[in-house]
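Below you'll find the structure, written out as structure tokens, and then a few comments.
Residue numbers begin at 1 in each chain, while the letters A, B, ... track the order of the sequences. All values below come from the heavy atoms of this structure, side chains included, with hydrogens, waters and symmetry mates left out.
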Amino acid sequence: MRMSKLFFQTLRDAPADADVRSHQLMVRAGLVRQVAAGIFEYLPLGLRVKKKIENIMREEMNAIDGQEIVMPVVQPAALWKRTGRWYEIGDDLARLTDRAGRELVLAMTHEEVITELAGGVINSYRQLPVMLYQIQTKFRDEPRPRGGLIRVREFTMKDGYSFHTDIASLDEYYPLVYQAYFNIFGRAGLEVIAVESDTGMMGGTMAHEFMALTEVGEDTLLLCDECGYKANRQVATFVKSENEDQAVEEALPLEEVSTPGVNTIAALSDFLEIPQSRTAKALFLVATTEEEGEDKEQFVFVIVRGDMDLNETKLTNALKARQLRPAHPEEIRAIGAEPGYGSPVGIHRDQVLLVVDDLIVRSPNLVAGANRDGWHYTNVNCGRDYEPDLALDVVAASAGHPCPLCRAPMRAERGVEVGNIFKLGTKYSEAMDATFLDEDGSSAPMVMGCYGIGSGRLMASVIESNNDDNGIVWPVTIAPHQVYIVSLATRRTPEVTEVADRVYQQLQEAGLEVLYDDRDERAGVKFNDADLLGIPMRLTIGARGVKNGVAELKLRRSDEINELPLDDIVNQIQAVSDAESAAVLAGVITESLQ
RNA sequence: CGGGGAGUAGCGCAGCUCGGUAGCGCGCUUCGUUCGGGACGAAGAGGUCGGAGGUUCAAAUCCUCUCUCCCCGACCA
């Protein structure tokens, strides 16, 4: 491609509304433009990268017997009503009505459609297993898009769905996808780790997220360097231990103490000069659960140790709640508690579901509120002073907590979820009546898995971890072009143009992708644009070199400059390109799933 | 939805406090000189100051309403 003809624009200054590095660079390099919050357009260079990423996905999906299809973005509401998600999912699901008044949705994912499709085509166990995938637009009306392409509303996703006769078959297939995902990210030059994750609104039994570690990530991960334990904070566990002296302590008599104006754990700890771990934190929530098809609100009183935080995902899952929200002060008072001085002692027990973290059961003599403004109880003991409805793990793991497998202290990192895989089970096949006839003539719902990767988010993540002060540093495998030719021709040196034109043509004929900077610009402009665009190989052709029969090659990721003879330029560039590819592929991780 | 910030030329910004009819840098156009890391000179093009209403002789500037975008939180396949 000749730069003089390319539809693009590079910017010296990033738009003021671009905050994260990848967003700034993508806009400055002319890869994408933002149209509205979370809605982007791809310019030619950006689209080339996106397509390369998607082709890698295709190859890896095909390699594990995936077959590509395309499903609609606009879908009838009826399908979503059959699985109940039309009612369950809130405003994230964009709904519209057509001219005839029919209700439609913009697809935010495709389980309903694919399950109906598979159910219609597949009748026999002989047709299973099968994996179908598509690379398609999705729309989720996110409450808050952010971070450029990291979190958007309209996006392209590779989503795959596998169908099996039984769980054993899914269990056999799932690790293949797991490895295929490492292949995809590795080939795209992105380092990821796989962590255990929550199954969320997708339902299902096992799930992994593939995370790119970066500060702009929205998820917190807990990692153990000792044994390799990795989990999203939403599901991470850790070994909880009582305070040493506390384990053997006798339960002391309950006492009320005056604590005027002390309504936070930190203040309480300071005021009474005790560690936060000797306090009990009271949290008031309202859970929405479904009972016989009807929503029901339940007041939930949660107690965790003062030095720990509630993990809402764990609690939501334990309660099988659809929603969890903080209770209003009126609601708190209605059950006999006082905001800021909440205590399990003396509340209207019949109106409350009392949940304690399992550590509370083994922590005697804690300080808790007294349900009275300005007063706390000391020596509150679970089992003696109050009886919980549930005692289970509902606290969030944090940096420093002991690993659940080996007890070594874990560390916390931020990550972007670039892909995920789920064992869905039969949730959708049952709802959509997608059954098959087994060998023995019995009918059963197909067992499903589902597997997603967002291409734009992957692209942004690669940039997040591959850039420097001058711009993007693309891995050659997904760079918009492999070679950037800088022609330093002027009016006085037509021979330089001749050589540059010829090299451009030769490289192209050899199958290399070349961006040829034939613009009438000064050298500095071209070099800076080359750096900003991040093309892996930069070939400079100037009067000096032409005189000596050489061109200069500089790799974007190094400062070294090498002279290559013009008469062997194609072979030499090809060799460097192959080496660059090999270097990226060497980073592909092979990891078997336990 | 709660909190904070911002909308003035393609991009980055000033002007607003104290009303007088819009400016700077980059980019863009033309000509000339330059030409190996974002050249120089000269001459130009480009803006309903996010939108609506109001106050005023006069509004980018003051008042009211509204839309949009960004950040933190809530939320999140």
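Among the protein residues, A:Asn420 comes within range of no part of the nucleic acid, since none of its heavy atoms lies under 4.0 Å from any strand. If you check every strand for non-hydrogen atoms under 4.0 Å, A:Asp159 touches nothing. Counting non-hydrogen atoms under 4.0 angstrom, A:Pro143 reaches a base of the nucleic acid. Among the protein residues, A:Glu312 comes within range of the sugar-phosphate backbone only, with heavy atoms under 4.0 Å from sugar or phosphate atoms but none that close to a base. Among the protein residues, A:Phe155 comes within range of the nucleic acid bases, having at least one heavy atom under 4.0 Å from a base atom.
Across B:rC16 and B:rU8, the matching C1' atoms stand 11 Å from one another, rounded to whole Å. A distance of about 16 Å separates the P atoms of B:rC63 and B:rG5, rounded to the whole Å. Comparing B:rG15 with B:rG23, their C1' atoms are spaced 7 Å from each other, to the whole Å. Taking atom C1' on both nucleotides, B:rA39 is separated from B:rG27 by 15 Å, rounded to a whole Å. Atom C1' of B:rA22 sits at a distance of 11 Å from the matching atom of B:rA9, rounded to the whole Å. Nucleotides B:rG54 and B:rC70, compared at atom C1', are 30 Å apart to the nearest Å. Nucleotides B:rC28 and B:rC18, compared at atom P, are 41 Å apart to the nearest Å. Atom C1' of B:rG44 sits at a distance of 30 Å from the matching atom of B:rU61, rounded to the whole Å.
If you take OG1 on A:Thr493 and NZ on A:Lys547, they are separated by 10.0 Å, rounding to the nearest 0.5 Å. Distance check, rounded to the nearest 0.5 Å: CG of A:Asn311 to CG of A:Asp357 gives 10.0 Å.
Under the side-chain contact (heavy atoms from CB on, under 4.5 Å) criterion, A:Glu103 pairs with A:Ala77, A:Lys81, A:Trp86, sequence neighbours left out. Under the ring pair (Phe, Tyr, Trp, His ring centres under 6.0 Å) criterion, A:Phe284 pairs with A:Phe301, not counting sequence neighbours. The side-chain contact (heavy atoms from CB on, under 4.5 Å) search around A:Ala266 returns A:Thr264, A:Gln276, not counting sequence neighbours. The ring pair (Phe, Tyr, Trp, His ring centres under 6.0 Å) test applied to A:Phe40 returns A:His23, not counting sequence neighbours.
Atom C1' of nucleotide B:rG38 and atom CG of A:Asp517 are separated by 13 Å, given to the nearest angstrom. In this structure, A:Lys526 places its NZ atom 13 Å from P of B:rA39, rounding to the nearest Å. Nucleotide B:rG37 holds its P atom 17 Å from the CZ atom of A:Arg556, rounded to whole Å. Going from atom CZ of A:Phe8 over to atom C1' of B:rG10 covers 14 Å, rounded to whole Å. With rounding to whole Å, A:Arg325 atom CZ is found 16 Å from B:rG2 atom P. In this structure, A:Glu563 places its CD atom 16 Å from P of B:rG36, rounding to the nearest Å. Summarising the geometry, the separation between CG on A:Asn548 and P on B:rG36 is reported as 16 Å, rounded to the nearest angstrom. When the C1' atom of B:rA9 is taken as reference, atom CG of A:Leu11 falls 14 Å away, rounded to whole Å.
Cation-pi contact between A:Lys50 and A:Tyr42: present, with separation from the ring centre below 6.0 Å and deviation from the ring axis of at most 45°.
Remark: aromatic rings of A:Phe185 and A:Phe210 are close, center separation under 6.0 Å. A:Tyr174 has its ring centre less than 6.0 Å from the ring centre of A:His208.
Judged by distance alone, the side chain of A:Ser429 and the main-chain N or O of A:Met446 form a donor-acceptor pair under 3.5 Å.
B:rA6 is paired with B:rU68 under the criterion used here, namely a Watson-Crick or G-U wobble arrangement in which both key atom distances are under 3.5 Å. Taking a pair to require two hydrogen-bonding distances under 3.5 Å in either a Watson-Crick or a G-U wobble arrangement, B:rG47 remains unpaired. Across all strands shown, B:rG12 pairs with B:rC24; the Watson-Crick or G-U wobble distances both stay below 3.5 Å. Within the shown strands, B:rG73 is the pairing partner of B:rC1 under the Watson-Crick or G-U definition, both distances less than 3.5 Å. With both pairing distances under 3.5 Å, B:rU33 is matched to B:rA39 as a Watson-Crick or G-U wobble pair. Here B:rC62 sits opposite B:rG54 as a Watson-Crick or G-U wobble pair (both hydrogen-bonding atom distances under 3.5 Å).
If you check distances only, the side chain of A:Arg28 never reaches the base of B:rG10 with a donor-acceptor pair under 3.5 Å.
Using a 4.0 Å cut-off between a side-chain N of Lys or Arg and a carboxylate O of Asp or Glu, A:Glu111 and A:Lys427 do not qualify as a salt bridge.
A residue-by-residue look at A:Thr490 and A:Arg457 shows that A:Thr490 has its nearest nucleotide of RNA chain B further toward the 5' end. Where A:Gln234 and A:Gly545 each meet RNA chain B at their nearest nucleotide, the meeting point lying more 5' is that of A:Gly545.
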(request) Just do the side-chain hydrogen bond (donor to acceptor under 3.5 Å, both in side chains) check on A:Asn420 and A:Glu209 with the steps written out, would you? (result) CA-CA 4 Å; A:Asn420 59 32; A:Glu209 289 169 340; 5.9 Å; no

(request) Between protein and nucleotides 25-34 of chain B, map the contacts as a letter string: B base, S sugar-phosphate only, - none, heavy atoms under 4.0 Å, written 5' to 3'. (result) BSS------B

Collect all protein-nucleotide pairs involving nucleotides 68-72 of chain B in which both atoms are nitrogen or oxygen and the distance is under 3.5 Å.
{"residue": "B:rC69", "atom": "OP1", "partner": "A:Ala37", "partner atom": "N", "Å": "3.0"}
{"residue": "B:rC69", "atom": "O3'", "partner": "A:Gln34", "partner atom": "NE2", "Å": "3.4"}
{"residue": "B:rC69", "atom": "O2'", "partner": "A:Asp17", "partner atom": "OD2", "Å": "3.3"}
{"residue": "B:rC70", "atom": "OP1", "partner": "A:Gln34", "partner atom": "NE2", "Å": "2.8"}
{"residue": "B:rC71", "atom": "OP1", "partner": "A:Gly147", "partner atom": "N", "Å": "3.1"}
{"residue": "B:rC72", "atom": "OP2", "partner": "A:Arg144", "partner atom": "NH1", "Å": "3.2"}
{"residue": "B:rC72", "atom": "OP2", "partner": "A:Arg144", "partner atom": "NH2", "Å": "2.9"}

